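Remarks on the structure that follows.
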Amino acid sequence: MSSSNDNSAFIRVIRIKSANGSEKMLEIPAKLDLERPKRPRTVFTDEQLEKLERAFTDSGYLSGATRAKLAESLGLSDNQVKVWFQNRRTKQKKTESKEPAKMTLASTNKPIENYSNFYQTYWTAAAFLSNNEVSS
């Protein structure tokens, strides 16, 4: 991958050659600094995490004033608190989507604890119904 600067101060041109020899040109705004090193990841202290988790438990969302006050009390920037809450909400959604939905018996509306008994009952009923006509 080779790069060259166009005469314009606003565009940076990057030429990329593919395996088959064709060349593509990407035009990127010059202000987008691709060589700039990434900001190091924020490492929260245990105390900060406890307070953030407590605030998240109280409410998954913070108003601007509440967020600013929390950020100041934790010695963090407003943006760091905002991003932490966004990431925590994402984590919660992932966790909730991975939890298996509990199956219930329609007649009792209780969770099924013993799946082998449930399946045995289900298949016994299915076999019975397939051998006998059911009138509605």
Side-chain angles (χ1 to χ4, degrees):
M1 182 164 115
S2 64
S3 70
S4 66
N5 289 331
D6 193 28
N7 290 337
S8 170
F10 298 105
I11 298 292
R12 181 172 177 196
V13 178
I14 298 177
R15 290 185 175 89
I16 302 171
K17 286 189 178 180
S18 67
N20 68 4
S22 65
E23 189 175 276
K24 291 185 180 181
M25 288 180 31
L26 298 173
E27 292 183 352
I28 299 172
K31 287 193 175 194
L32 183 63
D33 188 2
L34 300 176
E35 282 81 30
R36 179 176 43 95
K38 288 175 81 174
R39 186 186 63 77
R41 184 175 180 270
T42 302
V43 179
F44 298 101
T45 66
D46 291 341
E47 181 186 338
Q48 288 171 329
L49 287 172
E50 282 178 31
K51 287 184 179 180
L52 287 164
E53 285 289 348
R54 213 174 310 126
F56 183 80
T57 302
D58 293 343
S59 170
Y61 294 87
L62 295 178
S63 68
T66 307
R67 185 175 64 230
K69 192 182 293 184
L70 179 62
E72 186 179 340
S73 74
L74 295 174
L76 299 170
S77 72
D78 188 66
N79 198 52
Q80 286 173 310
V81 173
K82 181 184 82 169
V83 170
W84 186 91
F85 267 76
Q86 289 171 341
N87 291 340
R88 185 62 180 81
R89 285 191 297 269
T90 302
K91 178 182 176 182
Q92 184 178 37
K93 286 179 186 174
K94 280 184 182 178
T95 303
E96 288 172 354
S97 70
K98 286 183 180 179
E99 289 178 2
K102 288 192 174 183
M103 295 177 61
T104 60
L105 288 172
S107 59
T108 62
N109 210 24
K110 292 181 183 175
I112 299 166
E113 301 297 332
N114 186 337
Y115 288 101
S116 61
N117 286 345
F118 169 76
Y119 288 117
Q120 183 180 2
T121 304
Y122 173 82
W123 289 112
T124 303
F128 174 80
L129 293 174
S130 67
N131 293 328
N132 299 292
E133 283 188 35
V134 179
S135 58
S136 16

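Note that the coordinates shown come from a computational prediction; the quantities given were computed from them, not determined experimentally. Just so you know, these numbers use all the heavy atoms, side chains as well, and skip hydrogens, waters and symmetry mates.
- Ser77 pairs by the side-chain contact (heavy atoms from CB on, under 4.5 Å) definition with Asn79, Gln80, not counting sequence neighbours.
- Listed by chain and number, the residues in a salt bridge (Lys or Arg N to Asp or Glu O under 4.0 Å) with Arg89 amount to none (sequence neighbours excluded).
- Two residues are said to be in side-chain contact when any heavy atoms from C-beta on lie closer than 4.5 Å; Leu70 and Leu52 meet this criterion.
- Remark: Glu23 CD is packed, more than 12 non-hydrogen atoms of other residues, nucleotides or ligands lying under 6.0 Å away.
- Shown here for Leu76 and Gln48, the closest heavy-atom pair between the two residues is CD2-NE2, 3.4 Å.
- By the side-chain hydrogen bond (donor to acceptor under 3.5 Å, both in side chains) test, Arg41 is found to be paired with no residue, residues two or more places apart in sequence or in another chain being considered.
- Among pairs with a residue in residues 47-78, those fulfilling ring-ring contact (aromatic ring centres under 6.0 Å, His included) read Phe56-Phe85, at least two apart in sequence or across chains.
- Counting heavy-atom neighbours within 6.0 Å of Gln92 CD, excluding the residue itself, gives a total above 12.
- Residues that satisfy the side-chain contact (heavy atoms from CB on, under 4.5 Å) test with Thr95, not counting sequence neighbours, are Lys91, Glu99.
- Residues near Val83 contribute nothing to a hydrophobic cluster around it, because no ILVMFWY side-chain heavy atom sits closer than 4.5 Å to its side chain.
- Considering only residues two or more places apart in sequence or on other chains, Asn20 meets the side-chain hydrogen bond (donor to acceptor under 3.5 Å, both in side chains) condition with Ser18, Ser22.
- Between the CG atom of Asp58 and the CZ atom of Arg54 there is a distance of 8.5 Å, given to the nearest 0.5 Å.
- Applying the salt bridge (charged side-chain N to carboxylate O under 4.0 Å, His left out) rule to pairs touching residues 75-88 yields Glu53-Arg88, Arg67-Asp78, sequence neighbours excluded.
- Qualifying side-chain hydrogen bond (donor to acceptor under 3.5 Å, both in side chains) partners for Thr66, counting only residues two or more places apart in sequence or in other chains: Ser63.
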